[in-house]
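One structure is given below, encoded as structure tokens.
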Amino acid sequence: MSDTAAIAQLESPATGNPGLARSLTAPGLVAIGLGATIGAGIFVLTGTAAAQYAGPALSLSFVIGGIACGFVGLCYAELAAMIPEAGSTYTYTRACLGVLPAWIIGWDLVLEFAMAAATVAVGWSGYAQSLAADFGLALPAALASAPGDGGLVNLPAAGIVLVLTALLTRRTREASLVNGLLVVAKIAIILAFVGVGAVHLQPELWHPFVPENAGAFGTYGWSGVFRGAAVVFFAFVGFETVATAAGECRAPQRDAPVGLIGSLAISTILYVAVAAVLTGLVPYQELDVADPIAKAIDRLAMPGLAIVIKIGALIGLTTSALTALYGQGRIFFAMARDGLLPPLFCRVDPETRAPVASQVVIGLFTAAVAGLVPIDILGELVSIGTLLAFSLVCGIVLILRRTQPDRPRPFRVPAATPMAVLGILSCLVLMASLPADTWIRLAIWLVIGLAIYAGYGRHHTRLIRAG
Ligand SMILES: NC(=[NH2+])NCCC[C@H](N)C(=O)O
């Protein structure tokens, strides 16, 4: 569980609460960012992205993703420092554009959070099964993967979501220390992989660096590099969690951007290194597996290390899924308070002060998704949903510079107009690189959201505003 700031805010629903301790410094923010960010993207999706889209050029895909997030990160920093109710994209949209756009974005954020949690859970299941196999244990095939992947239900994926949900219904105050330790463990594992792998590299596997396009957009070639970037964009999702903690840092104008860009830079460097090592150890065509890092280590015939790495991956995936589930609870909390969702979602348990009912509903939904949908479909849906939210954040920065030029901005994006426009453009390019199916799924998701708004939110926000 990474962001204590968010927890504190949830525990005292009056947002902008003066009681929030301003205790976080830049390194603490960087740790929050890394805790929320490093997970299934690097441990799982790198495999398919290299095998199906980018080949060895996957490291370049990560560079592209990192640059796009850099523009967006600066925009987040400006909004986080400016709108003290810094919650999430939902809160910014609600404050700047009104109820309907806020609902659309809030609904879109379900992709970025609940669906991300489901994606990570499927990745967790892959590593857990791979670890169990090292000890001769295996699940019946029907319980090992989703229907689209040849099973009936992915039981470990659904199970981990339910376990984490149970955790989230409890008090989570001392979470930050634990988070710090887990982040260190996660990074140590990645560095160990990069270090050991670097010694055994077979550079000839990097040639050709950009494999020739196989005749369809996105299958290798430069379009494959961009599709790879759009798919592994998932790996960057979560760095913006730092923005939610801006209200708790000592000097937000300095620390928020350092925290955002710092955690982004560190994760980008780690990702590029992992992608390079991975594709230098295993022919990219063979990486189409649920546990690519483990597969690479298996080749080195170091069984001890393989087990350590798998455990490390499981730890990393657990924190990533936990923060995503937690963040979803918090977004629904804000939306329910505005009347866009039933009051159940902002009910806080008097004893644990956690939004218990809401976490349970979210947990059941997410567990079902994790049990039934294959990881590539989920990951791409998360990427497109997040890219949409990110481009909106850049747009809001631009709109507010027009409409509210005098509002105090403790942090200002340098060269705001070009930066925000570049942010929007890079998000759009990545979205455009995703398969048509993903666009259709996004459209269906948004239509369902609009129907719910018409049937529920529209009437209830009016009531709340009138009362
Ligand atoms: N707040 C979130 N949406 N968290 C999910 C983050 C997913 C993370 N980037 C990963 O690769 O596992």
Side-chain angles (χ1 to χ4, degrees), residues 1-3 5-7 32-49 61-62 65-66 68-69 72-73 76 87-90 106 108-127 157 160-161 164 168 179 182-183 186-187 189-190 230-245 260 263-264 266-268 270-271 274-275 290-293 312-332 362 366 369-370 375-376 378-390:
M1 175 80 263
S2 89
D3 54 317
I7 299 164
I32 287 177
L34 294 175
T37 307
I38 299 177
I42 192 66
F43 287 116
V44 182
L45 298 177
T46 28
T48 14
S61 304
F62 274 114
C69 288
V72 178
Y76 260 107
S88 66
T89 322
Y90 167 76
D108 176 54
L109 288 177
V110 176
L111 301 179
E112 183 180 332
F113 287 81
M115 293 291 186
T119 316
V120 179
V122 180
W124 189 94
S125 166
Y127 273 89
I160 184 71
V161 171
L164 295 180
L168 285 174
N179 178 59
L182 295 179
V183 170
K186 193 151 86 164
I187 294 180
I189 292 299
I190 293 184
V231 170
V232 297
F233 189 78
F234 184 89
F236 294 100
V237 178
F239 81 92
E240 74 288 356
T241 308
V242 173
T244 63
L260 281 158
S263 55
L264 195 56
I266 296 177
S267 31
T268 306
L270 292 174
Y271 292 169
V274 168
D291 54 348
I293 311 261
L314 284 173
I315 293 177
L317 294 168
T318 305
T319 52
S320 162
L322 193 64
T323 25
L325 282 173
Y326 174 76
Q328 183 63 71
R330 193 153 169 287
I331 290 166
F332 274 179
I362 292 167
T366 309
V369 174
I375 194 164
D376 42 352
L378 283 174
E380 289 172 17
L381 203 52
V382 174
S383 282
I384 201 166
T386 306
L387 284 161
L388 178 62
F390 281 8

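Quantities reported herein were computed from a predicted structural model and do not represent experimental measurements. Counting starts at 1 for both ligands and their atoms, following the listed order. We're numbering straight along the sequence, starting at 1.
The heavy-atom pair separating F239 from S263 by the smallest distance is CB-OG, 4.4 Å. Nearest approach of A36 to G238, heavy atoms of both residues: CB-O, 3.6 Å. A370 and V161 make their closest contact through CB-CG2, 4.2 Å (heavy atoms, listed as atom of the first residue, atom of the second, distance).
Distance check, rounded to the nearest 0.5 Å: OG1 of T323 to CD of Q328 gives 12.0 Å. Atom CD of residue E112 and atom OG1 of residue T386 lie 4.0 Å apart, to the nearest 0.5 angstrom.
Comparing heavy-atom distances from atom 12 (O) of ligand 1 across S267, G35, A36, A40 singles out A40 as nearest.
Tested against K186, the residues T37, T318, T319 include a single side-chain hydrogen bond (donor to acceptor under 3.5 Å, both in side chains) partner, T319.
Between T323 and ligand 1, no pair of N/O atoms sits closer than 3.5 Å. In terms of polar-atom proximity, F113 is not counted as a contact of ligand 1, lacking any N or O under 3.5 Å from an N or O of the ligand. Checked against a 3.5 angstrom limit, the closest N/O atoms of E112 and ligand 1 fall inside it. Polar contact with ligand 1: absent for G238 (N/O pair, distance under 3.5 Å). Note: an N/O pair closer than 3.5 Å links G41 and ligand 1 by distance alone.
In terms of protein heavy-atom proximity, atom 4 (N) of ligand 1 is closest to A324 CB, 3.5 Å. Nearest protein neighbour of atom 8 (C) of ligand 1, counting heavy atoms only, is T37 O, 3.0 Å.
Both the backbone and the side chain of V237 come within contact range of ligand 1, each with a heavy atom under 4.0 Å.
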